Structures are given as structure tokens and as C-alpha cells.
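Here's the structure we're looking at; comments come further down.
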Amino acid sequence: ETGVTQTPRHLVMGMTNKKSLKCEQHLGHNAMYWYKQSAKKPLELMFVYSLEERVENNSVPSRFSPECPNSSHLFLHLHTLQPEDSALYLCASSQDRQFGTDTQYFGPGTRLTVL
Amino acid sequence: DAKTTQPTSMDCAEGRAANLPCNHSTISGNEYVYWYRQIHSQGPQYIIHGLKNNETNEMASLIITEDRKSSTLILPHATLRDTAVYYCIVSPKGGATNKLIFGTGTLLAVQP
């Protein structure tokens, strides 16, 4: 148990559906991240939020829309996805500091299948 | 692109020490060396990190060479539950966020 929870753990959706992934951290951190892990590929950083502001968007298609309403919650809204978007979506959090780095704590992930 | 080089896979006998190497020859002075592991279909788990001194915690030891161009993660008594992909990552300090760039890692298979 890392203090980062994700729901749902598994999701199957059609290409025309709209769904949302939820992440919650109970660690008092001020930064949250979305990663994507496709089969047999390294983790790819998608979005980064620091102090509830998006500070990184790694050329992610607009069919993925993140939302960070507060420092404890992070959402990934999904619409009109493609089958190649099927992957494990991981959320992480950390305590950002201007100097020095801090470790990231990952949730268990949401296994997404797009039909 | 990941800035580290790791072997694709390694085997280790249960109860023996597992020594996982990592090459980071282009590391710069303000970059830390981080190790994470990922058990199949779970989220990555932080193990340890260091800047230039050797580090030890309850999970593992990290040995960094004096020139900082390579490091070794040591699991002193490997168990079957240590079977996972181990990622060595270099990450700069400072800045707004801690960006981790994951490579393909080393698949450690602990054999009974």
C-alpha cells in the first residue's frame, strides 16, 4: 500500500464511450503524474501537475484530458479512444521541492482495454 | 530517451545476493541515481536513491562508483517476491517537478 489509490482497477470501453480514471493520494504531496504503459514498452510520462497546475503535457492526444481539482485528486477523462490506447495507466505523486528531488509513489494502475 | 544502460535480464538463486548493474556514463553533477522496481502488472515501487555516496536501506544497497558513471543495486538475500523489472533512472534535482524517464530495465528472475 503506497498511499496512492486508483479507480477503477480495470476498465473496458468502446471507442465512442466517455469514461474517467481517478487517482487519490493520501501522502500530503503537492505534485501528481499520469503515466501510460503499453505492452512491452517503457512507462511514458503523460501529464504532470504541480500545486494543481499543469506543468507538463508530453504531446498527448486531446482525447485524453486531465483534471486536478486539488492536490489530493487527479482525474484522466477519456473520450473517443482508439484500440491502441489500451494500456496500464499509472498515477503517481511526489513532494516537489525547488532544490533536491523526492521520490514518486505510484498507484496500482488502471488496466484499460478499448474495444 | 533513457540516460541509463542496463542488462535486459538476470537470474539469481533464492537466498543469494542479486547485483544489478547500471551504466550512466553521461550523468551530470546535479543528477541523482534512482532505482525503482515493477512487479508484473503493478505500479513501480521506489527502492533507493543516491547522489555520490553509497546508500543502504531496509530493501537494498546502492553502490555508486567514484566517477559516478555506473552503479550497482544490491539485494542482499533475494527472495521469489523480488522477481520484477528493475529500473535505474537518473534524475536532476531542482526544478518544478521530478521527471522520471523509465527505460526498459532489467528483468530479475529469482530462481528457487
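Predicted model only: the values in this text are computed from it and were never measured. Throughout, a chain's letter reflects where its sequence line sits, starting with A, and its residues are numbered from 1.
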#### Entry: Pairing residues for B:Tyr46 by the ring pair (Phe, Tyr, Trp, His ring centres under 6.0 Å) criterion, not counting sequence neighbours
B:Tyr36, B:His49
### Query
Is it the side chain or the backbone of A:Leu90 that comes within 4.5 Å of chain B heavy atoms, both, or neither?
side chain
### Message
Quick check on B:Arg16: does its CZ atom have over 12 non-hydrogen neighbours (other residues, nucleotides or ligands) under 6.0 Å away?
### Response
no
### Contact class of A:Gln6 relative to chain B, heavy atoms under 4.5 angstrom
neither
### Query
Under a single-linkage definition using a 4.5 Å side-chain heavy-atom cutoff for Ile, Leu, Val, Met, Phe, Trp and Tyr, are B:Leu51 and B:Tyr34 assigned to the same hydrophobic cluster?
yes
### Message
For the CD atom of B:Gln42 and the CG atom of A:Leu88, what is their distance to the nearest 0.5 Å?
### Response
10.0 Å
### Message
Looking at chain B, which one of A:Cys91, A:Ala92, A:Pro108 has the largest number of heavy-atom pairs inside 4.5 Å, strictly under?
### Response
A:Pro108
### Summary
Checking heavy-atom separations under 4.5 Å from chain B, one finds in residues 67-79 of chain A none
### Message
Same cluster or not: A:Val48 versus B:Val90, using hydrophobic residues (I, L, V, M, F, W, Y) connected whenever any side-chain heavy atoms lie under 4.5 Å apart?
### Response
no
## Note on the structure
Under 4.5 Å to a heavy atom of chain A? For B:Gln38 that would be side chain
## Note on the structure
Those residues at least two apart in sequence (or on a different chain) that pass ring pair (Phe, Tyr, Trp, His ring centres under 6.0 Å) with B:Tyr86 are none
### Task
Might you point out which heavy atoms bring B:Phe102 and A:Pro42 nearest each other, and give the distance in Å?
O-CB, 3.4 Å
### Query
To the nearest 0.5 Å, what is the distance between OH (A:Tyr35) and CG (B:Leu100)?
4.5 Å
#### Entry: salt bridge (charged side-chain N to carboxylate O under 4.0 Å, His left out) partners of residues 70-79 of chain B, not counting sequence neighbours, each pair once
none
#### Entry: In one Ile/Leu/Val/Met/Phe/Trp/Tyr side-chain cluster, 4.5 Å: A:Tyr105, B:Met59
no
### Message
Tell me whether B:Met10 shares a hydrophobic cluster with B:Trp35, the cluster being built from Ile, Leu, Val, Met, Phe, Trp, Tyr side chains joined at under 4.5 Å.
### Response
yes
### Task
Is it possible for you to say whether B:Ile74 and B:Tyr32 belong to one hydrophobic cluster, with membership spreading through side-chain heavy-atom contacts below 4.5 Å?
no
